[in-house]
Undergrad: 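Mind looking over this structure? Questions follow.
Within every chain, numbering begins at 1; the chains are lettered A, B, ... in the order of the sequence lines, protein sequences first and strands thereafter. Note that the structure is predicted; figures quoted are calculated from it, not measured. Basis for what follows: all heavy atoms, side chains included, without hydrogens, waters or symmetry-related copies.
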2 protein chains.
Amino acid sequence: MSGQARSPRERYREQTRAEIKEAAVRQLAQGGVEGVALLRIAKGIGMSGPALYRYFASRDDLLAEMVVDAYEGLAADIREVDLTGGGRTALGALAGAFRGWAVREPHLYLLIQGTPVPGFRAPAESVLRARAVLGPFLKVFAEGRPLRSMDPLVAEFAQWLRDDADVAAWVGQWTGLSAEDAAAPVALTGAVLAWPQMHGSVSLEVAGHFSGMGHRPATLLDTQVTLLADAFQLA
Amino acid sequence: MSGQARSPRERYREQTRAEIKEAAVRQLAQGGVEGVALLRIAKGIGMSGPALYRYFASRDDLLAEMVVDAYEGLAADIREVDLTGGGRTALGALAGAFRGWAVREPHLYLLIQGTPVPGFRAPAESVLRARAVLGPFLKVFAEGRPLRSMDPLVAEFAQWLRDDADVAAWVGQWTGLSAEDAAAPVALTGAVLAWPQMHGSVSLEVAGHFSGMGHRPATLLDTQVTLLADAFQLA
DNA sequence: CACTTCAGTTATACCTCGTAACGAGTGCGA
DNA sequence: TCGCACTCGTTACGAGGTATAACTGAAGTG
């Protein structure tokens, strides 16, 4: 995926960077974002503090890369879902993969979808990765026939599709639809709506807000997804 | 609201505590949770560092109290919503109040619903406050007649209602229903389902994940609420 | 009026990020 | 093959954070 190592130095550098990120993820898992400390990481690897600054400009830099990696991991899981058959079955499978990844890597999910760091930054790369996650949803919702109550939202997204060529290209890439196609805004609406729908229950579950409540989080997510499928009359 | 100040010392103490929390909220607003530093707060008030430890056992302690206060503020806004008429109108008003508070105090919303701090704690008091927020939703959904697709979730909440007397009491307090009443689990399901439904779009909006997207967050929330109202066939 | 209690101070220990200045090894071109 | 440059990693340091300890002064209490 990344460019092949040109020099042995490059190779070593890349390997060390990976090792650092690995240790950072491990620390993230126990201690949250606040627990990710360069000094601790260095000690774990066997290096002394400031050495890490040869590999990452700052702690925020490291975290930013971890965000991108996490998005990539989630997108990879989503990408592997089998969409043949389409309809609500495919949607359920996508949502299940989404939640599955989040439950398996709760700290990573909180890192990318949780509270933004202090002076929150929106690295363009993250937006691209987020779109990679939602892409497969576009495919599913392209076949949707939304209820009347969806009209206002569909209208807004149709407008966006007209104004933003990047988004139009993104939708086209996953559905083959052009921006003028009537199904394009429908696909976009469905995919974007699926996001808060899933995030709602998954983030509360992962953050532990459901602890002590007498329901299975998976049932809750399934129910939310069903609402969505109904609204788009998916097969 | 709090007990009357017995001695002038008590009065002064209470006042100082409030002043500290005020400054903390101000710092939270600009700089996020990480920006809340006792030293900075002390400097702002005109005290010197360790003095604050007379009023709060630790930084986490201060944050915990801020969480409780924030829940109380949100609950107060929700409590003021006019529910006469009921049905989807009332539900929409509740959701609007929920989002209104979050948008007005984004840092506070992220504080209470965002990523839990390092070794996340679940103070019992927070649970009570969260229930105060969802209480009015119970009232609205008590009139609901859920679609068949809601059955699995309703069944799980019915079980919870049977197992947990506290929850049964909470539902009873807001609806007048007993745990055996068929409408009780329905009300509970609706209210609890409304939570992730609203949290999904509101948290993404507040965290800035919708920036650059061509839709009005309010429309998105309205759409999600409509899905929910449909599922419970609210009037 | 003496005595206790509490607010607030400075000093200190420890941890974090991040920079600076310095040594040591590697790899590359002449 | 030799030497230079580049990069890696080290220690030293400063700023800023949490939290404790020990001390001072002033308020409230009998």
Undergrad: Stepwise, does the side-chain hydrogen bond (donor to acceptor under 3.5 Å, both in side chains) test hold for B:Gln113 with B:Ser203?
TA: CA-CA 8 Å; B:Gln113 294 285 306; B:Ser203 75; over 6 Å; no
Undergrad: So which protein N/O to nucleotides 21-25 of chain C N/O distances come out below 3.5 Å?
TA:
{"residue": "C:dG25", "atom": "N2", "partner": "A:Arg9", "partner atom": "NH2", "Å": "3.4"}

Undergrad: Give me the first and last nucleotide of DNA chain D, going 5' to 3', that has any atom under 4.0 Å from a heavy atom of chain A.
TA: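 Contact span on the strand: D:dC6 to D:dA12.
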Undergrad: In chain order, what residues pass the salt bridge (Lys or Arg N to Asp or Glu O under 4.0 Å) check against B:Arg162, with sequence neighbours excluded?
TA: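 Counting only residues at least two positions away or on another chain, B:Arg162 forms no salt bridge (Lys or Arg N to Asp or Glu O under 4.0 Å).
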Undergrad: Using whole Å, what does the distance between atom P of nucleotide C:dA7 and atom CD of B:Glu19 come to?
TA: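 Rounded to whole Å, this separation is 15 Å.
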Undergrad: For C:dG8, take OP1 and OP2 only and decide whether either is under 4.0 Å from a side-chain N or O of B:Tyr55.
TA: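 It does, given that an N or O in the side chain of B:Tyr55 lies less than 4.0 Å from OP1 or OP2 of C:dG8.
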Undergrad: Please give, in whole Å, the distance from C:dA7 P to B:Ile20 CD1?
TA: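 In whole Å, C:dA7 P and B:Ile20 CD1 are 11 Å from each other.
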Undergrad: Can you measure from OG1 (A:Thr219) to CD (B:Glu156) and round to the nearest 0.5 angstrom?
TA: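 So the gap between those two atoms works out to 3.5 Å.
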Undergrad: Just distance, no hydrogens or angles: give the donor-acceptor pairs under 3.5 Å from side chains in residues 49-56 of chain B, sequence neighbours left out.
TA:
none

Undergrad: Among residues at least two apart in sequence or on other chains, which ones pass salt bridge (Lys or Arg N to Asp or Glu O under 4.0 Å) with A:Arg131?
TA: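 A:Arg131 satisfies salt bridge (Lys or Arg N to Asp or Glu O under 4.0 Å) with no other residue.
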Undergrad: Could you tell me the separation between the CG atom of B:Leu52 and the P atom of C:dC6, rounded to a whole number of Å?
TA: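 My rounded result for the distance is 18 Å.
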Undergrad: Reckon B:Tyr12 has a side-chain N or O less than 4.0 Å from the OP1 or OP2 of C:dG8?
TA: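 For B:Tyr12, the contact criterion (side-chain N or O under 4.0 Å from OP1 or OP2 of C:dG8) is met.
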Undergrad: Give a yes/no on whether any side-chain N or O of A:Arg59 is located under 4.0 angstrom from OP1 or OP2 of C:dG18.
TA: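 No, outside the criterion.
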Undergrad: Can you measure A:Tyr53 atom OH to C:dC17 atom P for me and round it to whole angstrom units?
TA: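 One finds 6 Å between P of C:dC17 and OH of A:Tyr53, rounded.
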Undergrad: Can you sort out the partners of A:Thr226 under side chain to side chain contact (heavy atoms under 4.5 Å, CB included), two or more places apart, ordered by chain and number?
TA: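 Testing A:Thr226 for side chain to side chain contact (heavy atoms under 4.5 Å, CB included), a comparison that skips the adjacent residues, returns A:Arg88, A:Asp230, B:Ser149.
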Undergrad: Going by the rule ring-ring contact (aromatic ring centres under 6.0 Å, His included), which residues pair with A:Trp195 if we only count those two or more places apart in sequence or in a different chain?
TA: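 Result, ring-ring contact (aromatic ring centres under 6.0 Å, His included) vs A:Trp195: B:Phe210.
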Undergrad: Tell me, please, which residues at least two apart from A:Phe137 pass ring-ring contact (aromatic ring centres under 6.0 Å, His included).
TA: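 Residues passing ring-ring contact (aromatic ring centres under 6.0 Å, His included) with A:Phe137: none at all.
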Undergrad: Could you list the residues that satisfy salt bridge (Lys or Arg N to Asp or Glu O under 4.0 Å) with A:Arg104, not counting sequence neighbours?
TA: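 A:Arg104: salt bridge (Lys or Arg N to Asp or Glu O under 4.0 Å) contacts with A:Asp77.
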Undergrad: To the nearest angstrom, how far is B:Arg13 atom CZ from C:dT5 atom P?
TA: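 Checked: the CZ to P distance equals 15 Å.
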Undergrad: What are the residues of residues 37-46 of chain A, sorted by number, that bring a heavy atom to within less than 4.0 Å of DNA chain C?
TA: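 Hits under 4.0 Å, by residue number: A:Ala37, A:Leu38, A:Leu39, A:Arg40.
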Undergrad: Can you name the side chain to side chain contact (heavy atoms under 4.5 Å, CB included) partners of A:Asp222, sequence neighbours left out?
TA: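 Residues passing side chain to side chain contact (heavy atoms under 4.5 Å, CB included) with A:Asp222: none at all.
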Undergrad: Does C:dA7 have OP1 or OP2 under 4.0 Å away from a side-chain N or O of B:Thr16?
TA: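 No, outside the criterion.
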Undergrad: Mind checking side chain to side chain contact (heavy atoms under 4.5 Å, CB included) for B:Ala218 and listing every partner two or more places apart, or none if nothing turns up?
TA: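 In terms of side chain to side chain contact (heavy atoms under 4.5 Å, CB included), with neighbours along the sequence ignored, B:Ala218 is linked to B:Arg99, B:Arg216.
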Undergrad: Nearest-Å distance, CD (A:Gln27) to P (C:dC15)?
TA: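 So the CD-P distance, A:Gln27 to C:dC15, works out to 14 Å.
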